[in-house]
Amino acid sequence: MRAKVAIDQATDEIVGLFENRVAEQKAPASFFAVFGPDGIVLEGGYGEKVLGEGNAPDRDTVFRIASCTKSFTCTMLLMLRDRGQLNLDAPITDFVPAFTALEPAAAPVTPSVRQLMTMSAGFPTDNPWGDRVEEMTRAELDEFMATGIRYSSLPGTRFEYSNLGYALLGEVIAEITGRPYIEAIAAEILEPLGLTSTTFAEDPDADTALGYRLANGQWQVQPFTGPGVFSSMGGLFSSATDLVRWSLWLAGALDPEDTSDGPLSAASRRELQQIQRAVPEGMSKAAEFSEPTAHGYGYGLFIDEGTTKIVSHSGGYPGVSAHMRWHAPTGLGIVAFENGTFAASSIPATQALQAALNAYGELTTPAPAWPETLAARDVFDGLVRQWDTPAADELAAVNLALDVPWTERIAGIAQAIAEVGPLTSAPLAEVPRTLSDTPAATNWTIAGERGRLKCHILMSPELPPRVQTFTVTAENE
């Protein structure tokens, strides 16, 4: 309900971001769908999905989603890992024996499956080239590999976006499952999740948006390539209906109360959405219009983490642009499609989600303290006012009196009280929790006549948890 209220408040701004995209010649057609935890709550389609026919796209129109495919590839790889069929740290030569690296010859390192998944295999970025070689066969890939791959960096040392790496990952899946990559994804992911409009080949019976490129003020049709070994980096077609369902299935794993099942466990879906490789400033597609304190690549997904968490991926291909992104704490998200080369649907999509989040209000809630933390706080608040060693012993972790003996702690508390003056009878004042607070810690203050005492405890990880840190400092007015 709160998500719907936020979208209602931001509707005019969100619609305004997309309705002029066609007039600005970003693409012949533009479509967006904003979703909350329960599905699509706002959508809009503009322009013509096929020029000359006069029909705007809707939630069931199929677009090429290009590199959004990478999250499907990584989902399948983690499924194989969880089944015990794949070691993510195995070298790629276990699956593509023809792989040959040329440089750096002085320190040859064969990249692992994990390094390929996290864009850290040492390959140079290859977006324009990778978009044009989708139909390459396995035999052609082996021949290509045998001639050697030139590294741009030592494998495992830095992020660099690589479609070639994901083509190799598709062959990992094919080798382990014993069937072509596209068949494995369809049988293991698309069918179980009911993604009926998501395919690796253009369906002549589907409501598909054609792709276009603007040349000399005129839109020219860009034909779609067919499936091949590079399909694992960007071969999927999908609709907003399906891509929202996919996004919600992934995002749901970030909600502790989510009980959705499917082909990959919630724990492994959360793993997909954790930073595995830092992305240097200015290189993150996800961070282009946000100000995170950390951004990086997970497994087939970009992640921004700071005071909040955004997960996303873009898809760009000759004639099309796609984007999906969601905000972990609220479950708000958006998918967007445009059928123009270099349309960059990520720009209005990112701005639209931010507008929805601005209307949402408070986006995150600090983790509440454990009940045991609060109970210990009450006891140690009493100890500050009137020391009782047996009571302290009962709640203290094994280290507490060893780190600072009770006699020293008693003297330190007395010194702090002397600085702030006699303590008043006012109850403790709990310090508001912040996003960085762990449930095992809490802070409070005790008023004195000339200042206050700042008190802090941190609980141990044992059961039941005990106080492993206890500090009292004076703060004068």
Side-chain angles (χ1 to χ4, degrees), residues 62 64-77 79-80 85-86 90-102 110-113 115-117 119 121-152 155 160-191 198-204 206 208 211 221-238 300 315-320:
V62 172
R64 188 73 177 260
I65 65 170
S67 286
C68 294
T69 304
K70 290 180 170 70
S71 58
F72 292 79
T73 299
C74 286
T75 293
M76 186 74 227
L77 290 164
M79 289 166 59
L80 296 174
Q85 296 177 272
L86 173 63
I92 189 58
T93 46
D94 283 2
F95 311 96
V96 184
F99 179 89
T100 304
L102 289 179
T110 302
S112 67
V113 172
Q115 288 166 349
L116 293 164
M117 293 169 70
M119 304 290 189
F123 302 161
T125 189
D126 60 2
N127 268 334
W129 173 81
D131 290 341
R132 297 294 186 175
V133 295
E134 182 191 0
E135 295 175 339
M136 186 183 289
T137 66
R138 174 60 191 262
E140 291 170 336
L141 178 66
D142 283 344
E143 182 179 357
F144 177 78
M145 288 288 105
T147 63
I149 298 299
R150 186 167 187 173
Y151 289 137
S152 60
E160 192 159 357
Y161 195 87
S162 172
N163 290 306
L164 172 60
Y166 270 71
L168 295 173
L169 290 173
E171 293 310 293
V172 172
I173 291 170
E175 288 293 319
I176 293 175
T177 62
R179 53 185 169 183
Y181 163 84
I182 59 175
E183 291 183 14
I185 296 296
E188 300 274 11
I189 297 176
L190 304 183
E191 292 174 13
T198 304
T199 63
F200 280 99
E202 186 179 0
D203 183 350
T208 303
V221 174
Q222 299 292 289
F224 296 126
T225 54
V229 295
F230 272 74
S231 292
S232 49
M233 69 84 180
L236 278 174
F237 292 77
S238 192
Y317 181 85
V320 295

*Show your working on side-chain contact (heavy atoms from CB on, under 4.5 Å) between Leu168 and Leu141 and close with a plain yes or no.*
CA-CA 9 Å; Leu168 295 173; Leu141 178 66; 4.2 Å; yes

*Would you sort out whether Thr73 and Tyr181 count as a side-chain hydrogen bond (donor to acceptor under 3.5 Å, both in side chains), showing the intermediate values?*
CA-CA 9 Å; Thr73 299; Tyr181 163 84; 2.6 Å; yes

*Given the rule in the side-chain contact (heavy atoms from CB on, under 4.5 Å) test, do Val96 and Arg138 qualify, once you have shown the distances and angles that lead to the verdict?*
CA-CA 10 Å; Val96 184; Arg138 174 60 191 262; 4.1 Å; yes

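Here Tyr317 pairs with nothing under the ring pair (Phe, Tyr, Trp, His ring centres under 6.0 Å) rule; sequence neighbours left out. Looking at residues two or more places apart in sequence or on another chain, you find a side chain to side chain contact (heavy atoms under 4.5 Å, CB included) between Asp126 and Trp129, Ser162, Asn163, Leu164. Evaluation of the ring pair (Phe, Tyr, Trp, His ring centres under 6.0 Å) rule for Phe224 yields Phe237 as partners, not counting sequence neighbours.
Annotation for Pro91 and Thr110: closest pair CB-CG2, 3.9 Å, computed over non-hydrogen atoms. Taking each heavy atom of Glu134 and Gly226 in turn, the nearest pair found is CD-O, 3.2 Å. In terms of heavy atoms, Gly130 sits closest to Phe230 at O-CD2, 4.1 Å. Heavy-atom minimum distance, Pro111 versus Ala121: CB-CB, 3.7 Å. For the pair Gln115 and Pro155, the tightest heavy-atom approach, listed with the atom from each and the gap, is OE1-CB, 3.9 Å. When all heavy atoms are compared, the tightest approach of Ala98 to Asp142 is CB-O, 3.6 Å.
Side-chain N or O atoms of Glu160 include one that pairs as donor or acceptor with a backbone N or O of Thr125 at under 3.5 Å. Using modelled atom types, no side-chain atom of Ser112 and backbone atom of Ala90 make a donor-acceptor pair closer than 3.5 Å. Side-chain N or O atoms of Gln85 include none that pairs as donor or acceptor with a backbone N or O of Leu80 at under 3.5 Å.
To the nearest 0.5 Å, the span separating CG on Leu190 from CD on Glu183 amounts to 12.0 Å. Of the inter-residue distances, the one linking Lys70 atom NZ with Cys68 atom SG reads 9.0 Å to the nearest 0.5 angstrom. Here CE of Met79 is found 12.0 Å from CD1 of Ile176. Values are rounded to the nearest 0.5 Å. Here the OG1-CG distance, from Thr199 to Leu236, works out to 7.5 Å after rounding to the nearest 0.5 Å. Residue Phe72 holds its CZ atom at 7.5 Å from CD1 of Ile189, rounded to the nearest 0.5 Å. How far CG of Leu169 is from CZ of Phe95: 10.0 Å, rounded to the nearest 0.5 Å.
Asp131 places a side-chain heavy atom less than 4.5 Å from the side chain of Met233. Side-chain contact between Val62 and Asp203 is absent, with no heavy atoms from C-beta onward closer than 4.5 Å. In this structure, the side chains of Ile173 and Leu77 come closer than 4.5 Å at one or more pairs of heavy atoms. You'll find the side chain of Ser67 reaches within 4.5 Å of the side chain of Tyr161, heavy atoms only. Residues Met145 and Glu171 form no side-chain contact, since every pair of their non-hydrogen atoms from C-beta on lies 4.5 Å or further apart.
Within a 6.0 Å sphere centred on CD of Glu143, other residues, nucleotides and ligands contribute 12 heavy atoms or fewer.
No donor-acceptor contact under 3.5 angstrom links the side chains of Thr69 and Tyr166, judged on distance only.
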